[in-house]
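Naming: A, B, ... by sequence-line order, numbering from 1 per chain.
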Amino acid sequence: MKQGDHLFLVDGSGYIFRAYHALPPLTRKSDGLPVGAVAGFCNMLWKLISEARDTSVGVTPTHFAVIFDYSSKTFRNTLYPDYKANRSAPPEDLVPQFSVIREATRAFDLPCIEMEGFEADDLIATYARMAREAGADVTVISSDKDLMQLVGPKVSMYDGMKDRHIGVAEVIEKWGVPPEKMIDLQALTGDSVDNVPGIPGIGPKTAAQLITEFGDLDTLLARAEEIPQPKRRESIIANADKARLSRQLVRLSDDVAVTEDLDSLFLNPLDGPKLIAFLKAMEFTSLTRRVAEATHTEAAEIAAATIAIDSPEAAHGPDLDPGEAGGSPAADGNRPPDGGGGNPGSVAQRRAELAVAAKIDTTAYVTIRDAETLRAWCDAAREAGLFAFDTETTSLDAMQADLVGFSLALPVGTPEAGTFSIRAAYVPLAHITGIGDLLGGGPAEGQMKLDAALAELRMLLEDPSVLKVGQNLKYDMLVMGRHGIRIIGFDDTMLLSYVLDAGRGGHGMDALSATWLGHQPIAYKDVAGSGKGLIGFDQVEIDKATAYAAEDAEVTLRLWHVLKPRLVADGLTSVYERLERPLAAVLMRMEERGISIDRQILSRLSGELAQGAAALEAEIHDLAGESFNVGSPKQLGDILFGRMGLPGGSKTKSGQWSTSAQVLEDLAAAGHPLPRKIVDWRQLTKLKSTYTDALPGFIHPQTKRVHTSFAMAATTTGRLSSSDPNIQNIPVRTAEGRKIRTAFIAEPGNVLISADYSQIELRVLAHVADIPQLSQAFADGIDIHAMTASEMFGVPVLDMPSEVRRRAKAINFGIIYGISAFGLANQLGIERSEAGEYIRRYFERFPGIRDYMDETKAQARENGYVETIFGRRAHYPEIRSPNPQVRAFNERAAINAPIQGAAADIIRRAMVRMEDALEAAGVNARMLLQVHDELVFETAEAEAAKAIPVIVSVMEHAAMPAVAMRVPLRVDARSARNWDEAH
DNA sequence: CCTATCTCTTA
DNA sequence: GTAAGAGATAGGT
């Protein structure tokens, strides 16, 4: 920086508060995120950068920085503990805007400066001095009197909201003293806002008069006796110390050891597209237009950015004390419906309150039976910008479900006007009547034509500017997808709840409604029956269906109003927007594709298994001396431990003899022939019943493929689960079991590709606990279990006995699982004392792991939750249980969750990026399955070689750029005709 | 008919 | 020692 340059220093924190109070409240239309201060801030920055010369500043900046307060605690608190003590917490709808404003600053490509222990004013003073000394001019964008002490020949201030230049003359005019006397003046007057004491009875006018008369504070205090007014004189003499302290408090530090040098504040030309992407995300339409014009950018071609409102990379929570950040930390499970970090006072919060307060009236719903009415509802939904949507079908299985009708719920009015409410309607499409009577039934009266209704609905569902709110929308996306309609632009209340409250209870609509709305919706079984009396939804009377379906939509919309503001308040927006919401559409397509299964292979296997099991059963009955149900653990226990008198190992918690594989193996090892046969019989019958016999039943009648269902909100850690059928527990460990996998095949001319992460959880552990030996071993590609064994037992890696490596491997897994001597002893079949010794030695070699475990436990205990490196939270409300067993269990789970969860986050990120990456590479490979650390694809045989490097690259780089791992991720991938050979 | 228990499969 | 889902049996409703 040199003479002639001009540095603009924006007092960001000061501006935020001023903009918040001066401007009318404004919220992002699509989700109610409060953005009033953000809007004011962006407008100010834009004005400064683009037209400063035309304002009373009169110059164009060459250098620019925005300065923020870091936290409310600074060095001034050590001088005077009560400094700023009477300052109340920022308004709750301003809180989430702090991080957005930092995002805004970055979108403008401006340096965003803050420093722990210092106020923005100190940093401004420091940079102003540095620039002054370099010969440059400085304009401080603020109207705060605390900064006026900086004003001088080279430094002035500018009040952007009033377009007013503040120089030496203006300071004298306003305060009656020149800028360099402002410190003394403030020392006398004090500041009630910042709780600076000053001298009681002395205001700005008197202070200016005194300073002018005596010259400075020290002279005044020394000659206080000369003051003629008795009251004033006594007060100054009595409070001289307070004045001196106050002077220290108001004097700005201009010698902070700042990290950014002046040259790094150089003002670069605007990055139009980057800024526009941000402004679009904020939905600031007129500023978007102005920026587009000025930067000659085609705004329509730029997608709205994903705003990381509190991304893990910047998650220290500036400006906030932890206790103020988002309501109570809520360590324990039971929260009142209005707890957990809402924003009282904001528009969003008003809506949330109203969403809870008004009673739900299921008789007020409308049944839409004609095109005109539906059109009117759809127009109203477009006008509102959001609505809740729910489909009603004939089956829980989305791939088999036929659409019967759909419901809508819309917000009406505004909370400001006190008229906010929700109206909801149901559109019956395929209800039938008269089933069971002799005429055979037919379509019910008063329903719209399916095509006409879907044409109208399509306009809404495919319009990205209208937010669709649903509960488990993946289901509705599958159903609508089968009618050729894509749902674009949505929020899912189930996923919102999952991101906010994983571990605190279920995320189904009934549970959410009970927790947040205190309302119990009509139960499905009350409209469609259950068990033998279960009827399809198409047979439900339309009036009943309307009450049920419209209520679901209304409840969903109310839940959204409660949950969405919490997302912002808790800083979980980026987890939701990057890890959850986009994955729903990806999983939908995977489920839709399904995987091909060879019936013949399974049928042949089933026959072989039946034969083998029958032969074993005969031998078992023979050895037992009587016929009994081998599959009954109770009968088996009676025979083994009662009649045959074998030594019983352990009991189950209900007091039965355990007949677990472990117990039976022990008996077999002791020389008894029967238990081994039982173990073998169990393996065969397990494979037969769970896999070879059950899987063909899942083959879809039309697609001839098997379509699993992935649950996104089932686990506490962030993993997916799979059901109907569960494809995440298809056997692989034994040769017999692996035969099941040969039945999972590619279509003719195609192959399956299996790509799996190598040791992902240990790599995550090496990263989060920062263990140098582990990281080095992974970087060098060394056998990690052998390395562990070598470190622990001093055995060379070369020619290591397999037993030694096995033990180290068990310990490595144990560590991930929150190790206990009891568990490790069980796993290895050794004494608990020996296992304890192993653990002790392990921690001695890898002390960082013990630190990680202790820190994680402490964090869980303190907050009630733990976090992955990507910001996902897992709650453990029972971590403080007085029951030591419960507590220990929760501690182990809490230790495991950041590891398992980060691995789950990584593969989620890979999945979200995968389809675009494959398409960009020009490869037609379809992602079919996810098995925690493995992805399975199907592609034309000729394309496999091209697909594999793309898949591997996406997976290996999935953590970037959010997290730069200290450890490389490795992926193995292979293609083959069936899953067994590909894996 | 529904739910709990036990066992077994996976990462 | 972590995280899941499913099948068979047994017992209560």
Side-chain angles (χ1 to χ4, degrees), chain A residues 502-503 525 529-534 628-637 650-664 678-679 681-691 693-695 698 708-711 714-734 736-738 740-741 756-762 765 810-828 832 835 838-839 853 866 874 876 888-901 903-904 907 929-934 983:
Chain A
K525 67 173 186 342
S530 67
K532 218 178 144 201
L534 182 72
F628 69 102
N629 184 350
V630 186
S632 165
K634 190 171 176 292
Q635 292 182 33
L636 177 63
S650 56
K651 295 274 184 82
T652 67
K653 44 177 176 217
S654 60
Q656 285 284 319
W657 287 112
S658 170
T659 64
S660 68
Q662 183 62 60
V663 169
L664 298 179
I678 311 245
V679 169
W681 180 89
R682 279 191 181 159
Q683 191 201 2
L684 299 188
T685 53
K686 175 76 179 180
L687 292 174
K688 183 171 187 292
S689 65
T690 310
Y691 302 106
D693 290 356
L695 281 173
F698 288 101
T708 185
S709 177
F710 288 106
T715 72
T716 303
T717 55
R719 272 193 180 177
L720 302 177
S721 78
S722 155
S723 63
D724 307 300
N726 179 358
I727 51 78
Q728 293 180 322
N729 71 346
I730 304 298
V732 72
R733 289 179 193 184
T734 66
E736 277 296 297
R738 271 202 300 278
I740 309 283
R741 290 200 171 212
D756 67 308
Y757 284 105
S758 161
Q759 307 284 9
I760 187 165
E761 293 192 348
L762 277 175
L765 175 69
I811 293 165
N812 276 335
F813 276 100
I815 293 295
I816 290 170
Y817 297 156
I819 203 154
S820 76
F822 179 84
L824 183 64
N826 256 350
Q827 177 68 32
L828 286 175
R832 198 160 355 154
Y838 284 1
I839 294 169
M853 291 183 158
V866 292
Y876 293 95
F889 175 78
N890 277 273
E891 286 173 353
R892 290 193 298 269
I895 287 168
N896 172 254
I899 304 168
Q900 189 184 113
I907 197 166
L929 305 177
Q930 189 248 46
V931 192
H932 308 309
D933 65 358
E934 175 190 10
H983 185 69

A:Lys688 NZ - B:dC8 C1' separation (whole Å): 17 Å
Would you mind telling me which of B:dA11, C:dT2, C:dA3 lies closest to the side-chain atoms of A:Thr715? C:dA3
A:Arg741 CZ to B:dA11 C1', in whole Å, measures 10 Å
I need a per-nucleotide contact map over nucleotides 5-10 of chain C, read 5' to 3'. Cutoff is protein heavy atoms under 4.0 Å; write B for the base, S for backbone only, - otherwise. BBSSSS
Rounded to whole Å, CG of A:Leu765 lies from P of C:dT2 at a distance of 16 Å
For a quick check of understanding: with a heavy-atom distance under 4.0 Å over all strands, which category does A:Ser820 fall into, base, sugar-phosphate or nothing? base
Return the set of residues passing ring pair (Phe, Tyr, Trp, His ring centres under 6.0 Å) with A:Trp681 (not counting sequence neighbours), or none when no residue passes. none
Hey, is the side chain of A:Thr717 poking within less than 4.0 Å of OP1 or OP2 on C:dA3, counting only N and O atoms? no
Could you check how far CZ of A:Arg682 sits from P of B:dT7, rounded to whole Å? 6 Å
Hey, does A:Thr659 have a side-chain heavy atom less than 4.5 Å from the side chain of A:Ile678? no
Where is the tightest heavy-atom contact between A:Ala810 and A:Gln827, given as atom of each residue plus distance? CB-CG, 4.1 Å
Rounded off to whole Å, could you give me the CD-to-C1' distance for the A:Glu761 and B:dA11 pair? 7 Å
What are the two closest heavy atoms between A:Gly637 and A:Trp657, and how far apart are they? O-CD1, 4.4 Å
If we ignore hydrogens and angles and just use 3.5 Å, is the side chain of A:Ser530 paired with the main-chain N or O of A:Lys525 as donor and acceptor? no
Identify whether any heavy atom of A:Ile816 sits under 4.0 Å from a base atom; if not, whether one sits that close to sugar-phosphate; answer base, sugar-phosphate or nothing. nothing
Give one of base, sugar-phosphate or nothing for A:Phe889, where a contact means two heavy atoms less than 4.0 Å apart. sugar-phosphate
Rounded interatomic separation in angstrom, taking CD from A:Gln930 and C1' from B:dA11: 10 Å
Whether A:Thr708 side chain and A:Asn726 backbone form a donor-acceptor pair below 3.5 Å: no
Just the rounded figure in Å: distance from C1' of B:dA11 to CG of A:Leu929. 14 Å
Among the nucleotides B:dT7, B:dC6, B:dA11, whichever has the atom closest to the side chain of A:Ser660 is B:dT7
By the 4.0 Å heavy-atom rule, please label A:Ala825 as base, sugar-phosphate, or nothing. nothing
Hey, does A:Ala888 reach any base, or is it just sugar-phosphate, or nothing, if we go heavy atoms under 4.0 Å? nothing
Is there a side-chain polar atom (N or O) of A:Arg733 under 4.0 Å from OP1 or OP2 of B:dT10? yes
Determine yes or no for a side-chain-to-main-chain donor-acceptor pair under 3.5 angstrom, with A:Thr690 supplying the side chain and A:Leu687 the backbone. no
What is the nucleic acid contact for A:Thr716, judged by heavy atoms within less than 4.0 Å: base, sugar-phosphate only, or nothing? sugar-phosphate
Is there a donor-acceptor pair under 3.5 Å between the side chain of A:Gln635 and the backbone N or O of A:Val630? no
Is any side-chain nitrogen or oxygen of A:Arg719 closer than 4.0 Å to OP1 or OP2 of C:dA4? no
So if I take every side-chain heavy atom of A:Asn896 and compare against C:dA3, B:dA11, B:dT9, which nucleotide ends up nearest? C:dA3
Across the strands shown, which category fits A:Leu720 at heavy-atom distances under 4.0 angstrom: base, sugar-phosphate, nothing? nothing
Between B:dC8 atom P and A:Glu736 atom CD, what is the distance in whole Å? 16 Å
